[in-house]
Amino acid sequence: MTTVAFIGLGNMGGGMAANLAKKGFTVRAFDLMPEHLTQAEKDGCVAFKSAQEAVKQCDAVVSMLPNGSIVESVYIDKDKLFDAMPKNTLVLDCSTVAPQNSQRLANVGREKGMRVVDAPVSGGVAAAAAGTLAFMCGGTQADVDAARDILAAMGSNIFRAGDSGAGQVAKICNNMLLAIHMAGTAEALQLGVDNGLDPKVLSEIMLKSSGCNWSLEKYNPYPGVLENSAASRGYTGGFMVDLMLKDLGLAMQASLASASSIPMGAAARNLFSLHKHSGGEDKGKMDFSSIQQLYK
Ligand code: NAD
């Protein structure tokens, strides 16, 4: 039986670790927050008091952490997990970080005898709980193939984008496009409403027309159009504005590194930043479809 150490049991990691345990993996879990460890135990994982203890005996490590500096600090600079895990451990970092963070992780990990894959995800909290995430992997073909059984327990689509860091590049491109079509969808819906249309009727029309897109169909930002959307429950839960801003920041960094023009991505980043600070309160914790409010 494969033993997986899981580091970072937050909104995403909690559901992912639970799915691994459900599918028969032995899961050795660690998070800084005790309440997340208590929940992990209820979900069939074994809780440890430190990350070093958790990775001591394992075949693979999966991490789902907030950002690149935390990921580097956990594996390399502070907790030094690469020095605490058995040689040849397969390390799957599923956090969204800069490609450079993933490349450093892979280089240092390989020097220490580990196999390292960046495997950021698309799908959000509901897909993490349901085990239907999409994984975008960066690493050698052999290491990505070795990761498939573990990733398949948490997701339904597994892609290899290329070598180390390539998974992050794919994730950054995807989320930049998501931000653009979410903002565009909110803009079009508000224009229709301001000119007398019912947002439900307008959505139905655009869904069968050339404006159809994922944000309109699955994540409609106008309250009341979709029964189970974040918009219909006051923009709570889902994917936070702050996380979208983090991903758009990564897109800006990537564009600087490659001298690429991203005028739409830059506009989207500015819109989400304006939205976060609009109305005299920090809207960073709201679901990102609340960008609709900026157009009202
Ligand atoms: P979260 O803040 O809910 O969870 C992160 C967890 O990491 C927390 O439980 C925190 O206590 C733990 N943590 C932080 N530092 C730690 C350390 N040094 N050692 C151990 N645990 C530590 O965040 P999340 O929403 O689960 O997101 C995690 C990652 O997934 C991020 O990189 C995010 O960009 C990405 N992501 C999130 C979503 C989403 O919808 N939330 C979707 C796709 C990707």
Side-chain angles (χ1 to χ4, degrees), residues 5-19 28-40 43 45 47-55 61-81 84 92-99 101-102 105 118-137 151 154-155 157 167-168 170-179 182 214 218-219 229-230 235-251 253 272 284-290:
F6 205 111
I7 314 296
L9 305 153
N11 291 324
M12 297 293 289
M16 292 163 71
N19 279 319
R28 298 165 62 99
F30 177 71
D31 192 288
L32 292 178
M33 295 171 78
E35 59 268 37
H36 289 174
L37 279 179
T38 307
Q39 183 59 46
D43 292 335
C45 306
F48 284 84
K49 288 201 168 66
S50 73
Q52 287 92 340
E53 280 293 313
V55 305
V61 179
V62 178
S63 48
M64 197 51 166
L65 294 162
N67 60 51
S69 53
I70 292 178
V71 168
E72 290 196 13
S73 129
V74 163
Y75 284 101
I76 304 170
D77 301 317
K78 193 165 155 266
D79 299 335
K80 301 187 190 299
L81 290 196
L92 310 176
D93 179 42
C94 299
S95 327
T96 304
V97 303
N101 298 128
S102 296
L105 206 67
D118 48 294
V121 308
S122 179
V125 179
T132 57
L133 292 167
F135 289 93
M136 310 166 194
C137 301
L151 298 180
M154 303 183 284
N157 286 295
Q168 302 296 350
K171 166 75 185 172
I172 288 166
C173 294
N174 180 72
N175 275 26
M176 184 182 81
L177 180 56
L178 170 62
M182 180 57 83
W214 187 91
K218 309 262 196 230
Y219 216 111
S229 64
Y235 299 109
T236 54
F239 183 50
M240 288 187 298
V241 168
D242 280 341
L243 281 178
M244 179 52 95
L245 275 169
K246 173 191 136 184
D247 293 354
L248 288 167
L250 292 172
Q253 277 177 32
F272 278 95
K285 302 282 175 276
M286 293 176 85
D287 180 78
F288 82 117
S289 63
S290 61

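Indexing begins at 1, ligand by ligand and atom by atom, following the structure's order.
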Determine the minimum heavy-atom distance between Ala29 and Ala40, stating which atoms define it.
-> CB-CB, 4.2 Å

In terms of heavy-atom contacts, Gly68 and Asn101 come closest through CA-OD1, 3.4 Å

Protein contact to atom 14 (C) of ligand 1 [nearest heavy atom, distance to 0.1 Å] | Pro66 CD, 3.7 Å

Nearest protein heavy-atom contact for atom 3 (O) of ligand 1: which residue, which atom, what distance?
-> Asn11 N, 2.9 Å

Could an N or O of ligand 1 be found under 3.5 Å from any N or O of Leu65, whether backbone or side chain?
-> yes

For Lys49 and Phe30, run side-chain contact (heavy atoms from CB on, under 4.5 Å): C-alpha distance rounded to whole Å, both residues' side-chain angles, the deciding distance at 0.1 Å, then the answer.
-> CA-CA 7 Å; Lys49 288 201 168 66; Phe30 177 71; 5.8 Å; no

The protein heavy atom nearest to atom 40 (O) of ligand 1 is Phe239 CD1, 3.3 Å

Report, in ascending order of atom number, the atoms of ligand 1 lying under 4.0 Å from any heavy atom of Ser95.
-> 32 (O)

Looking only at protein heavy atoms, which one is nearest to atom 11 (O) of ligand 1, and how far off is it?
-> Asp31 OD1, 2.7 Å

Which ligand 1 atoms are under 4.0 Å away from a heavy-atom of Gly8?
-> 7 (O)

So, is Lys171 polar-close to ligand 1, with some N/O to N/O distance under 3.5 Å?
-> no

Looking at atom 33 (C) of ligand 1, what's its closest protein heavy atom, distance included?
-> Lys246 NZ, 3.8 Å

Quick one: look up the protein heavy atom nearest atom 37 (C) of ligand 1 and list residue, atom name and how far away it is.
-> Met12 CG, 3.6 Å

From CA spacing to verdict: side-chain contact (heavy atoms from CB on, under 4.5 Å), Leu248, Asn175 | CA-CA 7 Å; Leu248 288 167; Asn175 275 26; over 6 Å; no

Classify the ring geometry between Phe239 and Phe288 as parallel (under 30°), tilted (30 to 60°) or perpendicular (over 60°).
-> perpendicular

Residue, atom name and distance, where the atom is the protein heavy atom closest to atom 18 (N) of ligand 1 = Val74 CG2, 3.5 Å

Check ligand 1 against His36 and write out every atom of the ligand that is under 4.0 Å from a heavy-atom position of the residue.
-> 9 (O)

Show your working on side-chain contact (heavy atoms from CB on, under 4.5 Å) between Cys94 and Phe135 and close with a plain yes or no.
-> CA-CA 8 Å; Cys94 299; Phe135 289 93; 3.9 Å; yes

Mark yes or no for whether Asp247, through its side chain, and Met244, through its backbone, hold a donor-acceptor pair below 3.5 Å.
-> no

Any idea which of Val71, Leu32, Val125 brings a heavy atom closest to atom 17 (C) of ligand 1?
-> Leu32

Out of Gly10, Ser50, Ala127, Ala126, whose heavy atom sits nearest atom 4 (O) of ligand 1?
-> Gly10

Under 4.5 Å between any side-chain heavy atoms of Val97 and Glu72, yes or no?
-> no

Under 4.0 Å to a heavy atom of Phe30 - the qualifying atoms of ligand 1, by number | 19 (N), 20 (C)

Please identify which atoms of ligand 1 are closer than 4.0 Å to at least one heavy atom of Met33.
-> 11 (O)

Taking the side chain as C-beta and beyond, is there a heavy-atom pair between Gln39 and Leu9 under 4.5 Å?
-> no

Between Ser290 and Val241, is any pair of side-chain heavy atoms under 4.5 Å apart?
-> yes

How about Asp93 and Tyr75: does a side-chain donor come under 3.5 Å of a side-chain acceptor?
-> no

Protein contact to atom 44 (C) of ligand 1 [nearest heavy atom, distance to 0.1 Å] | Thr96 OG1, 3.7 Å

